[in-house]
Amino acid sequence: MPENSGRRDIWRSDMPDQLLFPASIIGSMPRPDFVKDLIADDCPFSGEEVERMMGAAIRSVVALQEAAGLDVVSDGEWRRKSYIGVIAELAHGFELSLNPADRRPWTVVVDRLSPKSPGFIAREVAFLKTLTDRQIKATLPSPALLGERMWDAGASSKAYPSREDFVRDCVPILRREIELLRDEGVSIIQVDDPHLCLFVDPDVRSGYSDPDRAADFAVDMDNQLVAGFNGVSLAVHLCRRAGARARGEARHEGSYEPIMSQLRRLDIGHITMEFTTPGSGEMSVLRQLPENIQIGLGCVSTLPGEVDSVETIVGRVEQALEYVAPERITLNPECGFAPGSAAKVNIDEVYTKLKNEVEAARRLREKYSS
């Protein structure tokens, strides 16, 4: 398959005066307990009541992002029970059970997929458009990520003998959602692919007989997912498991170098990459990406209790500027701010982080605008 084919990114072109250093969100925002209650299976309220209260809640989280000064906002993903479990809103074939490893709720595929509620994510955007005139980002899980998290040899093999079979069947379900998002007029569609980023870790790679083949498969599925779409900016988010750190789980370290050949093959206009910890490796890898690729620079820590100063954020961006032109860089946090239902993340702390991101963008814009 050829390397990046030169997909045009309209992220910048829709912004006034080709804005340098746009400040963006990755996607999720911390969910207060009452929001978690509204999406719980045992929620006591009627659908109409839930919709009214959830609408008010989302209005508040959008206002927070606007008050912080972000150029690109989301609805915080507050209507979703999980960022990968949203596939169960789009398709039949899943069952909610408990993960035998940690007893947490686990959505697993048990039957062949069929359309269920196309437009679930597009309806998030339709509501969000009534609240803001900022650029709007919608997020989707990558096909290979769904395979990693939702296929189980025991529970799933009758429907899908292999993990890859299941992943391939996820593509048309997700493509239909991209069609509806595009028709809804969303600014940016981001494919979240932490699975691809696992292959930076030597320990993870050692668990595969052919890690490059597995990484190539993830890229092939992402490319099939976005093939042929125009009129919308398409992005891939490479999560380094900042959310896992917030939950106290193992973190995956390693330079991006082992997957750079795969990243060059992504037929996508924008790639977000985390660079807030030494374990992320050197930013010099950025010069290996095609010059038409926009970089979402993960330069703001999402780790609870860790608030980067404006100067720290500016410093990280200026490291990237040694390898990437200012016109290619968007500022964003390293990951989403809602790492699982059990994690407690202070929303006021997140507001401070976002304000610092925006102020860093302002200072950089002032310094590097011609």
In terms of heavy-atom contacts, L238 and Y256 come closest through O-OH, 4.2 Å
Geometric class of the F94/F166 ring pair [parallel <30°, tilted 30-60°, perpendicular >60°]
perpendicular
Side-chain touch C335/H237, heavy atoms, less than 4.5 angstrom:
yes
What heavy-atom pair brings T107 and A88 nearest, and what distance separates the two atoms?
CG2-CB, 4.2 Å
Here the pair of heavy atoms bringing S301 nearest to F337 is O-CE2, 4.4 Å
Look up atom CE in M150 and atom SG in C170, then write down how far apart they are to the nearest 0.5 Å.
7.5 Å
Examine distances only and state if a side-chain atom of T352 and a backbone atom of D348 form a donor-acceptor pair shorter than 3.5 Å.
yes
Looking only at heavy atoms, what is the nearest atom pair of G93 and L113, with distance?
CA-CD2, 4.5 Å
For the atom pair CG (N223) and CG (D216), what is the distance rounded to the nearest 0.5 Å?
10.5 Å
Interatomic distance, Q288 atom CD to L263 atom CG [nearest 0.5 angstrom]
9.5 Å
Are the side chains of W106 and D152 in touch, meaning some heavy atoms are under 4.5 Å apart?
yes
Tell me whether the count of non-hydrogen atoms from other residues, nucleotides or ligands lying under 6.0 Å of CD in E48 goes above 12.
no
Connected via hydrophobic side-chain network under 4.5 Å: L196 and V200
yes
Which heavy-atom pair separates V167 from G147 by the least distance, and what is that distance?
CG2-CA, 3.6 Å
To the nearest 0.5 Å, how far apart are CD1 in I188 and OG1 in T330?
8.0 Å
Please lay out, stage by stage, how E164 and R168 fare under the test salt bridge (charged side-chain N to carboxylate O under 4.0 Å, His left out).
CA-CA 6 Å; E164 290 76 12; R168 292 187 184 95; 5.9 Å; no
May I have the step-by-step check of side chain to side chain contact (heavy atoms under 4.5 Å, CB included) for L96 and D41, ending in yes or no?
CA-CA 11 Å; L96 183 63; D41 290 335; 3.7 Å; yes
CG on L128 to OG on S187, rounded to 0.5 Å:
9.0 Å
Would you call L145 and P194 a side-chain contact if the rule is heavy atoms closer than 4.5 Å?
yes
Checking the side chain of N356 only, and the main-chain atoms of S309 only, is there a donor and an acceptor separated by less than 3.5 Å?
no
Less than 4.5 Å apart, side chain to side chain, heavy atoms only: is that true for V314 and F21?
no
Under-4.0 Å salt bridge between E179 and R182
no
Less than 4.5 Å apart, any side-chain heavy atom of L364 and any of L331?
yes
Between E49 and R52, does any side-chain N to carboxylate O distance fall below 4.0 Å?
no
Looking at Q65 and S74, would you say the former's side chain and the latter's main chain have a donor-acceptor pair under 3.5 Å?
yes
Between E318 and Y368, is there a side-chain donor-acceptor contact under 3.5 Å, judged purely by atom types and distance?
yes
Do K355 and E359 have side-chain heavy atoms sitting under 4.5 Å apart?
no
Quick one: closest heavy-atom pair of G298 and T276, and the distance?
O-CG2, 3.3 Å
Between E357 and S24, is there a donor-acceptor pair closer than 3.5 Å when you use the side chain of the first and the backbone of the second?
yes
For the residue pair Q190 and T272, confirm or rule out a side-chain donor-acceptor distance under 3.5 Å.
no
For the backbone of I136 and the side chain of K129, can you confirm whether one donor and one acceptor N or O come within less than 3.5 Å of each other?
no
Within 45 degrees of the axis of the six-membered ring of F127 and under 6.0 Å from its centre: does R79 put its NZ or CZ there?
yes
With a 3.5 Å distance limit and no angle check, can you tell me whether W151 reaches the backbone of S157 through a side-chain donor-acceptor pair?
no
Short question: side chain of R112, backbone of A159 - any donor-acceptor pair under 3.5 Å?
yes
Counting distance only, does the side-chain N/O of W78 pair as donor-acceptor with the main-chain N or O of P30 below 3.5 Å?
yes
Assess the residue pair K353 and D308 against the criterion (side chain to side chain contact (heavy atoms under 4.5 Å, CB included)); give the C-alpha distance rounded to whole Å, side-chain angles, the decisive distance to 0.1 Å, and a yes or no.
CA-CA 7 Å; K353 293 181 180 188; D308 293 320; over 6 Å; no
Any I178 side-chain heavy atom under 4.5 Å of L174 side chain
no
Is there a side-chain contact between P258 and R205 (heavy atoms, below 4.5 Å)?
yes
Give a yes or no on whether V226 and I259 share a hydrophobic cluster (residues Ile, Leu, Val, Met, Phe, Trp, Tyr; joining criterion: side-chain heavy atoms under 4.5 Å apart).
yes
Please determine whether residues I26 and V125 belong to a single hydrophobic cluster, defined as Ile, Leu, Val, Met, Phe, Trp and Tyr linked transitively by side-chain heavy-atom distances below 4.5 Å.
no
Please determine whether residues V171 and V86 belong to a single hydrophobic cluster, defined as Ile, Leu, Val, Met, Phe, Trp and Tyr linked transitively by side-chain heavy-atom distances below 4.5 Å.
no
When you compare the side chains of T139 and R80, does any donor N or O come within less than 3.5 Å of an acceptor on the partner?
yes
Would E89 and S117 count as a side chain to side chain contact (heavy atoms under 4.5 Å, CB included) if you check the C-alpha gap in whole Å, the side-chain angles of each, and the deciding distance to 0.1 Å?
CA-CA 6 Å; E89 303 288 352; S117 183; 5.5 Å; no
Main-chain N/O of C299 paired with R316 side-chain donor or acceptor, under 3.5 Å:
yes
Same cluster for V236 and I87 if Ile/Leu/Val/Met/Phe/Trp/Tyr side chains link at under 4.5 Å?
yes
Let me see the working for T302 and E334 under side chain to side chain donor-acceptor pair (under 3.5 Å), right down to the final yes or no.
CA-CA 6 Å; T302 59; E334 60 185 352; 3.0 Å; yes
I'd like to know if the side chain of Q319 and the backbone of M283 have a donor-acceptor N/O pair within less than 3.5 Å.
no
Show your working on side chain to side chain contact (heavy atoms under 4.5 Å, CB included) between L225 and R175 and close with a plain yes or no.
CA-CA 6 Å; L225 179 60; R175 276 186 63 84; 3.9 Å; yes
Is the closest basic N to carboxylate O distance between E311 and R363 below 4.0 Å?
yes
Is there a donor in the side chain of D169 and an acceptor in the side chain of Y160, or the other way round, less than 3.5 Å apart?
yes
Residue of the set L266, L286, D193 for which side-chain contact (heavy atoms from CB on, under 4.5 Å) holds with I271
L266
Here the gap from L289 atom CG to R264 atom CZ, rounded to the nearest 0.5 Å, amounts to 7.5 Å
Taking the basic N atoms (NZ, or NE/NH1/NH2) and the acidic carboxylate oxygens, is any pair closer than 4.0 Å for D111 and K158?
no
